[in-house]
Amino acid sequence: MNKDQIVSICDNLIDHLTVLKGYVELGKLNNKVNHSLVILDEINSMEIMVTELVNKLLSLDE
């Protein structure tokens, strides 16, 4: 697996995390999701980790 494939996978993961985050935030606004703050914190942490990984991979070319 090359760097471009890894970046593509990470970008795909970020897209999915963004969708999940949106649904959790919507549920939180409507008070329909239990534990939404914990779920949202976990999604935010995962999003940060994946973004950092992408940035590190992209910096390998520099």
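All heavy atoms count here, side chains included; hydrogens, waters and symmetry mates do not.
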**Q** Measuring from E47:CD to D15:CG, what's the distance to the nearest 0.5 Å?
**A** 10.0 Å
**Q** Under a 4.5 Å side-chain heavy-atom rule over Ile, Leu, Val, Met, Phe, Trp and Tyr, are Y23 and L29 clustered together?
**A** no
**Q** Tell me which one of V19, V24, I48, T18 satisfies side-chain contact (heavy atoms from CB on, under 4.5 Å) with I43.
**A** V24
**Q** Let me confirm one number: the NZ-CD1 distance from K21 to I14, rounded to the nearest 0.5 Å.
**A** 11.0 Å
**Q** With no hydrogens and no angle check, is any side-chain donor or acceptor of N44 less than 3.5 Å from a backbone partner on L40?
**A** yes
**Q** Looking at N12, L13, I6, which hits side-chain contact (heavy atoms from CB on, under 4.5 Å) with I9?
**A** L13
**Q** Do I39 and K28 have side chains that approach each other closer than 4.5 Å (heavy atoms only, starting at C-beta)?
**A** no
**Q** For the pair S8 (side chain) and D4 (backbone), establish whether a donor and an acceptor sit closer than 3.5 Å, ignoring hydrogens and angles.
**A** no
**Q** What distance do E52 atom CD and M49 atom CE have between them, rounded to the nearest 0.5 Å?
**A** 8.5 Å
**Q** Looking at every non-hydrogen atom in both residues, tell me the closest pair between V54 and C10 and how far apart they are.
**A** CG2-CB, 3.2 Å
